[in-house]
There are 2 protein chains.
Amino acid sequence: MTDAVRALRSDAARNRDLLLAAAEEEFAERGVDASVADIARRAGVAKGTVFRHFATKEQLIAAIVTKHIAALTAIARAQHDAADPGAALLEFLTAAADRRRQRDLTVLMSISAGDATVAQIRDQLHDDIAALVDRARAGGVIRADITATDVFLLICAPVHVVENLPGAPDDLWRRYLGIIFDGLRPEGASPLPRPAPEWT
Amino acid sequence: MTDAVRALRSDAARNRDLLLAAAEEEFAERGVDASVADIARRAGVAKGTVFRHFATKEQLIAAIVTKHIAALTAIARAQHDAADPGAALLEFLTAAADRRRQRDLTVLMSISAGDATVAQIRDQLHDDIAALVDRARAGGVIRADITATDVFLLICAPVHVVENLPGAPDDLWRRYLGIIFDGLRPEGASPLPRPAPEWT
DNA sequence: CGCTAACGTGACCGGATGGTCAACTTGCTA
DNA sequence: TAGCAAGTTGACCATCCGGTCACGTTAGCG
């Protein structure tokens with residue numbers, strides 16, 4: 001839309017990265033209520049610097065969310081040309097959940113749901129998931145009534161399930177991913193009571 | 001432990017109920033950060049009254065959580081003697097999710113996880129779920145490697161899945177409960193990558 | 001009734017938080 | 001290397017929140 005943004009000064013670029021990393025950790029540990037002051041301290045800068053890079057706390061969150069959705073998109077594309085469509089979809093869900101394990105950013109996502117950039121990159125992720133799902137469906141390894149939106153919504157389910165059990169093993173989510181993925185298989189599938197939701 | 005608590009005065013009892021209801025709504029709408037002042041306003045009382053009934057905000061949350069876990073226990077027991085063990089388990093999960101649909105209290109639960117009363121009534125719920133799960137497993141309608149703890153953890157999964165899609169139909173969660181329940185069925189089940197978690 | 005213990009009230013407090021800004025420092029270019 | 005724009009700083013502000021408390025109000029018993 002507007003012209004390209006001016007290149008950041010070297011120290012500013014480094015501080016921006018430090019801030020994003022620090023904010024990610026802080027949000028993962030303390031939740032959305034992590035304070036900007038703590039984030040700044042963790043990054044080794046003053047509070048004012050945070051607001052130079054991100055006008056509001058919400059925009060900082062949006063930046064983190066954007067980065068993570070982009071990472072999921074990359075994971076999806078890495079499976080794009082895999083030989084086995086079923087294994088590709090499972091591998092995507094596994095890698096996505098694994099990435100989410102340590103830093104649950106779901107709460108952050110819902111906050112920046114209104115952000116235009118986030119919405120756009122999220123649509124892109126949806127498209128890449130659709131490619132995986134279509135191939136799997138065509139190959140008959142998942143049931144016919146499963147859509148990309150279904151898979152999109154189910155990405156974080158295994159990780160969330162485990163969160164309700166304090167002190168659970170780190171990789172317990174794999175168990176529930178197994179259960180859910182079995183639910184996507186055509187063998188012994190019962191008709192679903194509701195149609196798949198529309199995207200957008 | 002201590003002797004029975006003094007009976008509440010009539011107006012106090014009514015205000016307590018009003019407060020619990022108002023707090024439930026407020027927490028459901030605004031999340032854990034709903035302010036005590038707003039809750040008091042919604043209940044039509046002054047802020048001081050809130051703290052007369054519940055020493056801290058955490059105790060107010062614990063009271064709500066206790067009420068809701070008790071409701072889930074009642075739902076489980078209602079299916080205790082049902083004819084079809086598979087239908088009984090599905091019916092429990094459906095009723096439990098339905099109860100959770102409008103007011104998601106998962107965040108509240110994790111806050112009051114340390115509360116002794118909450119822990120006790122939660123163990124009770126686990127026991128009642130175990131009865132349902134054992135019957136279903138014995139009947140061969142769910143796979144042999146599913147435990148009561150699995151089901152306990154999966155209760156809120158369908159509702160949570162839908163939360164990531166703003167503007168979704170009210171009963172979309174039924175679709176994902178269908179998928180997950182299919183994942184619990186023995187037909188076409190693949191071995192799970194991790195053992196069931198221990199309870200306690 | 002009338003009395004009192006239980007209850008309700010809302011002003012108030014200490015602390016924390018997101019955000020601002022004028023003064024200062026530093027990377028970069030010419 | 002000099003000069004300046006870009007970047008950094010931390011004190012400061014307005015606001016909000018959980019929790020307290022001295023005082024006014026009321027239910028319910030005798």
Side-chain angles (χ1 to χ4, degrees), chain A residues 2-65 107-108 111-112 114-115, chain B residues 2-65 107-108 111-112 114-115:
Chain A
T2 63
D3 47 1
V5 288
R6 194 178 207 81
L8 285 178
R9 224 166 71 176
S10 61
D11 56 342
R14 198 201 42 185
N15 279 344
R16 205 190 120 99
D17 290 345
L18 285 174
L19 273 172
L20 279 175
E24 216 175 284
E25 291 172 16
E26 206 70 23
F27 282 134
E29 285 177 15
R30 314 249 196 223
V32 207
D33 294 329
S35 77
V36 177
D38 284 346
I39 291 171
R41 194 175 309 126
R42 190 165 200 143
V45 301
K47 198 169 60 164
T49 305
V50 180
F51 291 101
R52 165 161 287 269
H53 288 280
F54 310 95
T56 67
K57 189 180 176 181
E58 270 194 30
Q59 285 188 25
L60 169 59
I61 292 175
I64 296 177
V65 169
V107 203
L108 303 191
I111 287 181
S112 44
D115 186 281
Chain B
T2 64
D3 47 1
V5 287
R6 197 177 205 80
L8 286 177
R9 225 167 70 177
S10 63
D11 56 342
R14 198 200 43 182
N15 279 344
R16 206 189 121 100
D17 290 345
L18 285 174
L19 273 173
L20 278 175
E24 218 176 282
E25 293 173 14
E26 206 71 21
F27 283 134
E29 286 178 15
R30 314 248 197 223
V32 206
D33 294 328
S35 77
V36 176
D38 284 346
I39 292 171
R41 195 175 308 128
R42 189 166 200 142
V45 301
K47 198 169 59 165
T49 304
V50 180
F51 291 102
R52 171 167 288 271
H53 289 279
F54 309 95
T56 66
K57 188 181 177 181
E58 270 194 30
Q59 285 189 25
L60 168 58
I61 292 175
I64 297 177
V65 169
V107 203
L108 303 190
I111 288 180
S112 44
D115 185 282

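Lettering follows sequence order; numbering is per chain, from 1. Values below: all heavy atoms of this structure, side chains included; hydrogens, waters and symmetry mates excluded.
In this structure, A:Ala12 and B:Val36 both approach DNA chain D, and ranking their closest nucleotides by distance from the 5' end singles out A:Ala12.
When the P atom of D:dG19 is taken as reference, atom CZ of B:Phe51 falls 5 Å away, rounded to whole Å. Here the P atom of nucleotide C:dT25 and the CZ atom of A:Arg14 are 18 Å apart, to the nearest Å. Between the CD atom of B:Glu26 and the P atom of D:dC17 there is a distance of 11 Å, given to the nearest Å. A:Phe54 has its CZ atom 13 Å from the P atom of D:dG7, to the nearest Å. Rounded to whole Å, atom C1' of C:dG19 lies 15 Å from atom CD1 of A:Ile61. Straight-line distance from the CG atom of A:Leu19 to the C1' atom of D:dT8: 11 Å, rounded to whole Å.
Considering B:Leu19, B:Leu108, B:Ile64 in turn, B:Ile64 is the only one that fulfils the side chain to side chain contact (heavy atoms under 4.5 Å, CB included) rule with B:Glu24.
At D:dT8, one or more side-chain N or O atoms of A:His53 fall inside 4.0 Å of OP1 or OP2 (strictly under the cut-off). For D:dG7, the OP1/OP2 oxygens have no side-chain nitrogen or oxygen of A:Asn15 closer than 4.0 Å.
More than 12 heavy atoms of other shown residues, nucleotides or ligands fall within 6.0 angstrom of atom CD in A:Glu29.
Heavy-atom distances under 4.0 Å link DNA chain D to B:Lys47 of residues 38-50 of chain B, given in residue order.
In terms of heavy-atom proximity, B:Val45 sits nearest to B:Asn15 at CG1-OD1, 3.7 Å. For A:Phe54 against A:Arg16, the heavy-atom pair with the smallest separation is CE2-NH1, 3.6 Å. The minimum heavy-atom distance linking A:Phe27 with A:Lys57 is given by the pair CE2-CE, 4.0 Å.
The structure places CD1 of B:Ile61 at 11.0 Å from CG of B:Asp115, a figure rounded to the nearest 0.5 Å. From B:Leu18, atom CG reaches atom NE2 of B:His53 across 9.5 Å, with rounding to the nearest 0.5 Å. One finds the CZ atom of A:Arg14 at 11.0 Å from the CZ atom of A:Arg9 (value rounded to the nearest 0.5 Å).
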Practice problem: Sugar-phosphate means primed atoms, P, OP1 and OP2; the rest is base. With that split, encode nucleotides 23-29 of chain D 5' to 3' as B, S or - using protein heavy atoms under 4.0 Å. | Solution: ---BSS-
Determine all donor-acceptor pairs shorter than 3.5 Å in which one atom belongs to a side chain in residues 31-40 of chain A; sequence neighbours excluded.
residue	atom	partner	partner atom	Å
A:Ser35	OG	A:Asp38	N	3.1
A:Ser35	OG	A:Asp38	OD2	3.3
A:Asp38	OD1	A:Arg41	NH1	2.9

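At a threshold of 4.0 angstrom between heavy atoms, the contacts of A:Ala34 are confined to the sugar-phosphate backbone, with no base atom among them. B:Asp33 comes within 4.0 angstrom of no nucleic acid atom, judged by non-hydrogen atoms across all strands.
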